[in-house]
Amino acid sequence: MTRTILFFSSAILISQTEPVKDIHQNNPRVWALTNAMIHTEPGDSIKDATLVIRDGKIDKIGRYIQIPLDAYEIDMEGAHIYSGFIDAWSQVKQDEKTTSPDSHWNKKIRPEYRAKDDAKFKDKELRALHEIGMTAAHIVPEKGIFKGKSDLINLDEEMLSLSKNISQVIEFKASRWSERGYPNSLLGVIAVIRQTMLDAEWYDNSMRILKKYPQENEPIPINNPLQEIADFKINQRPMLFMTKEEHAAMRALSICKEFNLNPWLLASGYEYRRIREIKEQGPFIIIPLDFPEKPKVNDPYIAMQYSNEQLKHWDMAPDNIKKLFDAGIRFSFTSSTLKKKPDFRKNLQKIIDRGLPQDVALAALTTYPAKAMGLEKILGKIQPGYIANLVVTDGNYFNPKSRVTSLWISGKKHFISDRHKINLVGNWDMQIKNNSYEIEFTRPKSGQKGKSSKSAISKRKLEGKIHIENESITLKEIKLYDQNIEFSVDGTLLEINATLAFKGMIVKDKITGTAYDGANKYDFNAKRTLKLKDKSRQKAVNSELALYYPEGVYGLDRDLLSPNAVLIDNATIWTCGPMGIVEDWDILFVNGKIDKIAPDISVPMGSALIIDATGKYVTPGLIDCHSHSAASSINEGAQAVTAEVRIRDVLYSDDINIYRQLGGGLTIANILHGSANPIGGQNAVIKLKWGSKPNDLIYKNAPQGIKFALGENVKQANWVGNGRYPQTRMGVEQVIRDAFRAAQDYRHRHKTYNRNSKAKKKIIPPRIDLELEALAEILEGTRLLHCHSYRQDEIWMLTRIAEDFGFKIATFQHVLEGYKVAERIAEHGAGASTFSDWWQYKYEVIDAIPYNGTLMANNNVLVSFNSDDAELARRLNTEAMKAVKYGGLSEEEALKFVTINPAKQLGIDQWVGSLEEGKDADFVIWDGPPLSIYSKVQETWIEGTRYWSVDENKRLEERDKLERESLIQKILSTSSKLSGKVMKPNSETPNHNHNCRIDDYQLMGNQ
Amino acid sequence: MRFFSLIVFSSLLFSNNQIPGMDQKRPILLKGGILHTVSGDILEEYDILFAEGRIVTIDMQIQPSPETDVYEIYGKHVVPGFIAAYTRIGLTEISAVKQTNDHSEIGEINPNVRANVAYNPDSDLIPVTRSNGVLIVNSTPSSGRIPGQSSIMELDGWTWEDATIKHPAALNINWPSMYIDYSDKKNNEKKQRDEYNKKVRELDELVLNVRAYYHRKNAKERKAEHKQKTDLRLESMIPFIIHNEPVHIKANDIRQIEAAIDWSKKHKLDITIIGARDAWINPELFVKNNVPVIILGVQVTPRRRFEPIHITYKMPAILFEAGVHFCISLDPGYPMDGHVRTLPDEVMRAVTWGLPKNQALKSITLSAAEILGIDDRVGSLEPGKDATFFISNSEPLTQTTNPVKAFIQGRELDLSDRQKNLWEKYKEKYRRLGNLDD
């Protein structure tokens, strides 16, 4: 009966202003749904209740309410009714819009765009969403970095907006490396977001001033995009960041913190790995209900393509949502990433199995998103006054076997499916002509080709047989539609000498109808005798794996050894400080600092960890003055000047190279921007604190710095470049001078403005420009300049620029022709951080010599050796030895090339770089002379904590091997038909080496 | 009795051009050195006599004939010239400058191209490389599936013909990739596997064609029109396919290694695996099939995130313990062609992680000679072999060792190089500025 009610109208609600096209349509809009189980809100339901819908809204609800006279009653016995579900993410495909003159200069910044403008749902898409109970969708824009605004709309043809401008959607989306478009790296994207936030604040402020004091100011051009962002910020409307892994979430949150934004995240599924950091700001999270597909480990060699971290993620990802909930984070779900929408409900069941309360799952589909979107008073619950968006099912929604039978969207009914799905399979007792026969219906598996697109069962062909004693007759031409069944049978055995055509109607477990042989009709009926039992479902169980920091091999599973005091006894200590090398001495570390170095130190029993170092050597932790490890993005190359980008924004604490390099005695690394442009980005000096979060890697004592570059790379000489200025060393010089002049002008403008406090109120302030800020800081001496350089001419040139502008260059990096102009470098006072013996790889290194380090050192230049390479960084001590081989430096001086000298170059020698009382307890214990290739690192300590040791390394190695084996075993023994996210195997990740211009996209195997 | 002046070198006379050594005219006796014979023990205070470019005698006390030049080298080490078994020396000058590169012919199948004909004997890489004791290299073409034939060169000579020790050294094959890239949206797993199979099938067909070509060429067919026309590619492969000359297959992934060994067994080829980064996973494979390995680089990062962090350092020891016949060279791609001189560093690192020191020395001398099929001439200090060795003040496998003298077939080398010359030039600059004393 319910099926007969159909609507044809398409414009009830929004047509109030639109003229009628033919004749008026006024369908009745008052309904009473009776005898249903009504889930009024998560945790609350009413049995046998009545629900009255009036004009698109819920009018009344209760067990004993009077049905209004004008309401038409629909009996809903056996049905469950829920508030309509919200799909919290649905990306709208978008055509490239023509830009207006008022658009932002950067095409990727289009916050004024509204996704609804292009919203379109195909019938098939709508139907798929309806079948899983979705009545509304949060539609979001597709393109750009600041993508535009989202709406919550009803999921029907009318697409009524329940609320507009819900969030501003942001993605860390870079152009490809080959493209000209800025930004072409994650580094640049984050810089663009930060600059745009500042610009929006400035614009909003400026417009207010301009409005008030139009005569005092030159008008500034209208900029809707900036106004849009400012409005979002001021009104604390959500900024919705798309994330692909947990680091992206942390990056998004740190931007929100900096600019005081209301953070929303589109989840990656990896949140559980850094939940403590993520929960801090309590973001609202939209979770694609999608879990990783089984890694393809059947082939042992393909299994090797997966890292442990991925194998673990497969097991742990379905626990993510429960963990988020336990952490107090609120969220909603989306089916958008699922190829097969019915998997949405299977995955829901999975997470409920794994401990998410069913009420919470319901809330995530209804009340949580309603509240987050500010619609908690009209959406998400079944209460008088709420919008009549309803889901009707024939059983508990959270049992995937129950079916969504209809949806109500703004009080309008949408038929989805019959309430009871007919399943004939099983045995039936048929009565015909007073005889009784047994019919058996089956759906054999054989002959099945390929994968079925929906559930496997429905695609298999129904077969049937009538059993008569020892014989059986096959049912032919079985046809099933709605509640009707037809088949034909040779009647001989039924004592009718003809072929019989059966036609019947199925109601629950009964079939009644007639059989017809062309002449006679015989009534028949059948009753089910044996129902196919549901296979008992295996409940999903929680992962038993422990989280490591960082996740994957060698990740920490317990606190590091960090005693209050450590006493090393009887060591040969290469202090790299004024004490030189001392043999059979002791060194005491207290509270992460060096307390004392003396021939004999005694401490009260038990007050310090005592390490007997007889025959062993202790040195300061090694320092690498040029590294590209531990960062997700290295080069912003779309512009010649990108001083605004910051490595600190993209630090990647999961980089296995951190751990490997600790094993080579490295404790500090200078993570530099690449050399794609004359003025690159800001560097980050980190301590190799394996296991900590990205921000905790940053060495706070280190002054800020920046990377410049000269020569072949910046003029794009060695690959097909994008034709960017400059293409010669002449142009490089001009670009740098121009940038500094601009920075001077910029500072001057700000200073003038700040001095004039009276005018301040009336005059539009100069805009904050992150690029020029960084450059001005160089001029002011608060930002160290590290410059990639090779040839003597360019080295000389930059010293002259620096002197013209009155600052000092901190280091020349690579500086392979530094030996030709050592006296200039020394006179200027710059450091030189070079390779030990690299040469031959490009034309500008044709005169590279391995004597470079020694020769510069002999000419009073402060010299260090660096790696610029993930492998070299784990053997800097033997690199230093090359200064002994080539040019005959003393071993003691050579070790300084990788300890105190780089510390001085980075401006951190006050705290690190040598073993002196009061300095950080960063040290390495070696089993032999520290420069010898035959020596091995025994332990590496940072600030009094042991980050690497031979024993611990062995333990982790064994742990990970076993874990890997048992995970592969578990995957092999798990059968799952669920499709999911495919993980791209990432065990083999490329190394950063030497050319300083690796592509971001190669780095993160993860995504 | 005369003495070597054991100063590294002392003049700027030669500028950038090191003049090849002169043929040995008179026998030379080196007295009292520490001889690293490699084939046998380290002989302390032994004499070594060589004449006409060959080692004549090694003994405790050798009585020189009157025409013999005698030098005392007490306390100094005599070491067979190091052999870098896989390089592009002579075929490249500056990696980034296309004009200077001659190692990568266009196309996938180039079995006929020969490395030695493009070997530039005046390359600046040559003197720099031999400055660290590397006196012999295998120069190898490198691109495509069959890059060409490699040649074994000694790092001295006026012409490439002078410098060639052996050609062809081997036919080189780069085994096609078997990595399944699941992020490749255009090619699914099946397509990628098909692509791989196609590439191997092409190699199979090539072998078949070589056999058929050889057969027809040798058939006693009189009619001119039935005569097989020349095909340089097929013809060039006859020595390797028919006469079992060595084939070098570059394969790093364990899948590739297994496939390459199976393939070579099918075609009965004499192969060596180059690279073999995954060899540690199954070293028995090489022993069982009697396949030698040229390891490319010890000081490299592990391939996979989950591998033990020192696995690359340990691999030579693992192979040694399993009984694999191996030698050690460097990957020309990393750390670039110019770095062949760091060869000793690579094996020293392996010693730290378990390889016996004598084996380490062997892995860049005798083992390399054996694997390259030149052990009848070089690789050890033995009577009858070439007088190709260097003399140093310290043990060969010491980080700071710099050869002070070197001989190739008895010809004394000029051990200066472009880099030392530049060093001298700029030391002079700083002497004039008063910054340096010496």
Side-chain angles (χ1 to χ4, degrees), chain A residues 296 301-302 304-305 307-309 552-554 656-657 659-660 663 712 718 819-820 822-823 837-843 846-851 855 858-860 869-871 875 878 881-882 884-885 887 931-936 953 957 960 964 982-989 991 993-994, chain B residues 92-97 100 124-125 128 178-183 189 253-255 258 278 281 299-310 312 334-339 341-342 345 348-349 351-353 397-402 418-423 425-427 429-430 433 435-436:
Chain A
K296 299 176 173 68
Y301 292 147
I302 289 180
M304 292 176 78
Q305 293 187 198
S307 63
N308 285 28
E309 157 261 314
V553 286
Y554 301 106
I656 189 69
N657 287 312
Y659 183 79
R660 289 174 180 162
E712 290 177 14
N718 292 324
Y819 71 95
K820 295 185 178 178
E823 80 286 8
D837 60 353
W838 285 71
W839 72 299
Q840 187 268 329
Y841 45 98
K842 50 182 171 174
Y843 188 76
I846 190 165
D847 280 355
I849 64 173
Y851 311 91
L855 202 44
N858 290 340
N859 282 282
N860 307 317
D869 177 291
E871 161 62 18
R875 49 186 165 91
T878 55
M881 188 63 141
K882 289 178 181 169
V884 181
K885 175 180 167 77
L931 293 186
S932 169
I933 197 166
Y934 297 120
S935 303
K936 288 191 214 168
N953 180 57
E957 207 173 289
D960 294 334
R964 187 172 178 83
V982 177
M983 283 190 285
K984 173 186 162 191
N986 72 357
S987 74
E988 294 175 46
T989 45
N991 286 317
N993 58 43
H994 271 272
Chain B
T92 180
E93 203 59 35
I94 296 167
S95 305
V97 179
T100 71
D124 273 324
L125 276 72
V128 168
M178 296 173 78
Y179 186 84
I180 304 292
D181 182 357
Y182 288 102
S183 65
E189 181 172 346
D253 195 286
I254 185 71
R255 286 170 278 200
E258 285 182 356
D278 279 352
I281 293 169
Q299 304 187 104
V300 291
T301 40
R303 291 186 75 202
R304 303 176 183 86
R305 197 184 156 99
F306 58 80
E307 288 175 8
I309 64 171
H310 296 119
T312 53
Y334 174 92
M336 307 281 190
D337 302 283
H339 292 246
R341 64 164 163 199
T342 64
D345 294 345
M348 283 187 255
R349 184 72 61 184
V351 170
T352 311
W353 295 88
L397 295 187
T398 301
Q399 288 156 282
T400 48
T401 292
N402 289 312
R418 178 185 178 82
Q419 302 185 346
K420 288 174 189 153
N421 295 348
L422 279 163
W423 184 38
K425 178 175 168 184
Y426 281 90
K427 274 200 292 192
K429 173 180 176 183
Y430 299 116
L433 288 174
N435 287 358
L436 290 185

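Quick caveat, the model's predicted, so the values are computed rather than measured. Order of the sequence lines sets the chain letters (A, B, ...), proteins ahead of strands, with each chain counted from 1. Hydrogens, waters and symmetry mates play no part in the numbers below; they use all other heavy atoms, side chains included.
Contact of Ala848(A) with chain B is made through the backbone alone, with heavy-atom distances under 4.5 Å. In this structure, the portions of Thr878(A) lying under 4.5 Å from any heavy atom of chain B include both its backbone and its side chain. Contacts of Glu189(B) with chain A are made by side-chain atoms alone, with heavy-atom separations under 4.5 Å and no backbone atom involved. Both the backbone and the side chain of Ile180(B) come within contact range of chain A, judged by heavy atoms closer than 4.5 Å. Residue Asp960(A): no heavy atom, backbone or side chain, is found under 4.5 Å from chain B. Heavy atoms of Ile302(A) lying under 4.5 Å from chain B belong to its backbone as well as its side chain. Within the 4.5 angstrom heavy-atom criterion, atoms from both the backbone and the side chain of Asp337(B) approach chain A. Contact annotation for Glu957(A): only side-chain heavy atoms (C-beta onward) come within less than 4.5 Å of a heavy atom of chain B. When heavy atoms are compared at a cutoff of 4.5 Å, Val97(B) approaches chain A solely by way of its side chain, counted from C-beta outward. Interface residue Ile281(B): only side-chain heavy atoms are found under 4.5 Å from chain A.
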Might you work through the side-chain contact (heavy atoms from CB on, under 4.5 Å) test for Asp847(A) and Arg418(B), ending with a clear yes or no?
CA-CA 8 Å; Asp847(A) 280 355; Arg418(B) 178 185 178 82; 2.3 Å; yes

Would you please test Arg304(B) and Ser307(A) for side-chain contact (heavy atoms from CB on, under 4.5 Å) and show each step?
CA-CA 8 Å; Arg304(B) 303 176 183 86; Ser307(A) 63; over 6 Å; no

Residues Leu436(B), Leu855(A); criterion side-chain contact (heavy atoms from CB on, under 4.5 Å); working and verdict
CA-CA 9 Å; Leu436(B) 290 185; Leu855(A) 202 44; 4.0 Å; yes

Between Lys882(A) and Thr342(B), is a side-chain contact (heavy atoms from CB on, under 4.5 Å) present by the stated rule, with each step listed?
CA-CA 10 Å; Lys882(A) 289 178 181 169; Thr342(B) 64; 4.3 Å; yes

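Between Phe306(B) and Met304(A) the shortest heavy-atom distance is CE2-O, 3.3 Å. For Arg305(B) against Tyr554(A), the heavy-atom pair with the smallest separation is O-CE1, 4.4 Å. For the residue pair Ser95(B) and Tyr841(A), the shortest heavy atom distance occurs at CB-O, 3.5 Å. For the residue pair Gly663(A) and His310(B), the shortest heavy atom distance occurs at O-NE2, 4.3 Å.
Looking only at distances, a side-chain donor or acceptor of Gln399(B) sits under 3.5 Å from a matching main-chain atom of Leu931(A). Although no hydrogens or angles enter the test, the distance criterion places no donor-acceptor pair under 3.5 Å between the side chain of Asn435(B) and the main chain of Asn858(A). Listed for the Arg341(B) side chain is a donor-acceptor partner under 3.5 Å among the backbone atoms of Asp837(A). With hydrogens and angles disregarded, no donor-acceptor distance shorter than 3.5 Å links the side chain of Lys820(A) to the backbone of Tyr426(B). The backbone N or O of Tyr819(A) lies less than 3.5 Å from a partner atom in the side chain of Tyr430(B), making a donor-acceptor pair.
Interface remark: of the candidates Thr100(B), Val300(B), Val351(B), Val300(B) forms the most heavy-atom pairs closer than 4.5 Å to chain A. Ranking Asn859(A), Val982(A), Asn308(A) against chain B, the residue ahead of the rest is Asn859(A), based on heavy-atom pairs under 4.5 Å. Chain A forms more heavy-atom pairs under 4.5 Å with one residue of Asp278(B), Leu397(B), Thr92(B) than with any other, namely Leu397(B). Between chain B and the options Met881(A), Lys936(A), Met983(A), the largest number of non-hydrogen pairs under 4.5 Å is found for Lys936(A).
Taken from CD1 in Ile94(B) to NZ in Lys842(A), the straight-line distance is 11.5 Å, to the nearest 0.5 Å. For the atom pair Asn402(B) CG and Lys885(A) NZ, the distance stands at 4.0 Å (nearest 0.5 Å). With rounding to the nearest 0.5 Å, the separation of CZ in Arg660(A) from OG1 in Thr312(B) is 8.5 Å.
Counting only heavy atoms from C-beta outward, the side chains of Trp839(A) and Leu125(B) approach each other to under 4.5 Å. The side-chain heavy atoms of Gln299(B) and Ile933(A), taken from C-beta on, include a pair separated by under 4.5 Å.
Asp181(B) and Lys984(A) are not joined by a salt bridge, as no carboxylate oxygen comes within less than 4.0 angstrom of a charged side-chain nitrogen.
The aromatic rings of Tyr851(A) and Trp423(B) sit parallel, their planes meeting at an angle under 30°, below the 60° perpendicular limit.
Under the rule for a side chain to side chain donor-acceptor pair (under 3.5 Å), the partners of Asn953(A) that lie at least two apart in sequence or sit in another chain are Tyr659(A). Thr352(B) meets the side chain to side chain donor-acceptor pair (under 3.5 Å) test with no other residue; sequence neighbours excluded.
No hydrogens or angles considered: a donor-acceptor pair under 3.5 Å links the side chains of Glu258(B) and Tyr301(A).
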